[in-house]
Amino acid sequence: MPVHYAGVGCEMDAISDIAARKGVAVVEDNAHGLFGKYKNKNLGTVGALATLSFHETKNFIAGEGGSLLINDPQYTERAEIIREKGTNRSRFFRGQVDKYTWVDVGSSYLPSEIIAAFLYAQLEAKDSIQSKRKRIWEYYRDNLETVAGQNNIRLPIIPAHCEQPYHMFYILLPSLEERQKLIAHLKSRGILSVFHYLPLHISDMGLKFGGKKGDCPVTEDVSDRLLRLPFYNELTASDQDRVIGAIKDFYRK
């Protein structure tokens with residue numbers, strides 16, 4: 001289950017090769033990566049299944065919810081049944097059965113027409129939305145390169161064979177202590193910056209399933225040092241200048 005974090009594609013050739021040798025399906029977590037690409041392939045089209053998110057923090061939003069992309073046809077019929085409250089109602093509508101009934105587990109996963117229309121209007125404006133996000137991302141990168149290089153801060157890395165959808169802009173600080181101090185400094189300037197996912201294997205539930213600190217050292221290290229900067233479609237260059245200026249002031253101390 002590769003996660004295309006920040007919409008930057010995982011190494012899907014290697015992952016797909018391992019999955020094929022082991023006889024397991026690949027499910028892409030593409031919550032961040034709609035319209036991103038890996039070696040000219042759209043993210044979400046490589047694995048047998050892929051998930052999208054339309055949560056309010058994403059590039060295209062419906063308040064909540066998402067989509068399941070089915071690339072392997074063998075999963076299509078069961079997905080329809082699960083979506084339709086565990087019934088074969090979709091087959092009934094297609095005239096494949098004379099009545100529909102309960103055949104499997106399921107729930108009510110269909111979005112309302114209003115939510116679908118709200119989302120569709122944004123997809124129609126895809127180029128405009130993505131253009132705004134590209135400008136915001138590149139403005140951060142261009143104006144933070146120098147201070148990052150001087151203070152051992154890592155900016156996002158986009159491999160040449162990947163195309164990102166400009167979902168977020170994060171920085172990797174040298175240490176947890178420095179990150180927490182920078183969060184507090186930005187907060188004092190009225191700027192919200194946040195860390196991101198905590199490692200699942202050392203969450204309360206992860207520990208119950210047998211996880212322990214040290215199992216995934218890279219995950220644990222990055223989780224401690226990652227900081228996300230403000231990023232939304234209508235973010236102006238002047239507001240970004242406030243964020244960038246506050247970060248530079250922090251490192252002048």
Side-chain angles (χ1 to χ4, degrees), residues 1-86 90 104-112 115-127 129-130 133-134 137 156-170 196-197 199-201 206 216 219 222 228 231:
M1 295 185 71
V3 180
H4 300 311
Y5 185 77
V8 180
C10 297
E11 290 302 330
M12 294 307 297
D13 284 351
I15 291 168
S16 298
D17 180 60
I18 294 167
R21 285 190 277 112
K22 298 293 184 180
V24 296
V26 174
V27 179
E28 297 174 72
D29 181 341
N30 198 34
H32 295 176
L34 181 59
F35 301 124
K37 291 185 178 181
Y38 169 80
K39 294 186 176 179
N40 294 318
K41 297 177 184 174
N42 287 305
L43 297 182
T45 67
V46 182
L49 301 169
T51 57
L52 303 177
S53 172
F54 301 122
H55 181 261
E56 64 178 9
T57 58
K58 302 303 187 289
N59 295 28
F60 303 89
I61 66 173
E64 265 295 355
S67 292
L68 177 68
L69 306 182
I70 302 171
N71 303 312
D72 186 335
Q74 69 172 307
Y75 298 111
T76 302
E77 185 172 348
R78 185 153 192 246
E80 284 186 336
I81 290 169
I82 292 171
R83 184 183 69 169
E84 285 282 11
K85 308 171 189 67
S90 294
D104 202 345
V105 297
S107 190
S108 184
Y109 294 113
L110 295 172
S112 71
I115 288 174
F118 180 72
L119 175 63
Y120 186 65
Q122 294 166 69
L123 295 174
E124 288 183 312
K126 163 187 169 280
D127 291 344
I129 290 172
Q130 292 299 86
R133 298 186 75 90
K134 181 174 187 276
W137 194 95
I157 295 172
I158 315 299
H161 56 273
C162 291
E163 296 177 36
Q164 62 150 328
Y166 306 100
H167 173 57
M168 72 169 76
F169 196 94
Y170 64 85
H196 213 177
Y197 305 120
L200 290 180
H201 65 287
C216 301
T219 297
V222 170
R228 290 184 295 156
F231 201 116

Atom [atom1] of [X] and atom [atom2] of [Y]: how far apart are they, to the nearest 0.5 Å?
X	Y	atom1	atom2	value
Leu43	Cys162	CG	SG	7.0 Å
Phe60	Glu124	CZ	CD	12.0 Å
Ile70	Leu49	CD1	CG	6.5 Å
Phe54	Leu123	CZ	CG	6.5 Å
Leu52	Lys58	CG	NZ	10.5 Å
Asn42	Glu163	CG	CD	8.5 Å

Whether [X] side chain and [Y] backbone form a donor-acceptor pair below 3.5 Å:
X	Y	answer
Gln122	Phe118	yes
Asn59	Pro165	yes
Tyr38	Asp13	yes

Of Arg83, Lys85, Arg78, the one forming a salt bridge (charged side-chain N to carboxylate O under 4.0 Å, His left out) with Asp104 is Arg78
Do [X] and [Y] touch side chain to side chain, with heavy atoms closer than 4.5 Å?
X	Y	result
Leu119	Ile61	no
Thr51	Leu68	yes
Arg133	Phe231	yes
His196	Tyr170	no

Considering residues, nucleotides and ligands other than Lys134, do more than 12 of their heavy atoms fall under 6.0 Å from its NZ? no
Does OH in Tyr120 sit with more than 12 non-hydrogen atoms of other residues, nucleotides or ligands closer than 6.0 Å? no
Exercise: identify the closest heavy-atom pair between [X] and [Y]:
X	Y	answer
His32	Gly7	CB-N, 3.4 Å
Asn71	Gly44	ND2-O, 2.9 Å
Ser16	Val26	CA-CG2, 4.5 Å

Ring-plane angle category for Trp137 and Tyr166, please: parallel below 30°, perpendicular beyond 60°, tilted otherwise.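 Taking Tyr166 first and then Trp137, their aromatic rings stand perpendicular (interplane angle over 60°).
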Which of parallel (below 30°), tilted (30 to 60°) and perpendicular (above 60°) describes Tyr197 and Tyr5? perpendicular
Just grab all the side chain to side chain donor-acceptor pair (under 3.5 Å) pairs involving residues 18-30, residues at least two apart or on different chains. His4-Glu28, Asp17-Arg21
Could you go step by step and tell me if Glu11 and His161 meet the side-chain hydrogen bond (donor to acceptor under 3.5 Å, both in side chains) rule? CA-CA 10 Å; Glu11 290 302 330; His161 56 273; 2.9 Å; yes
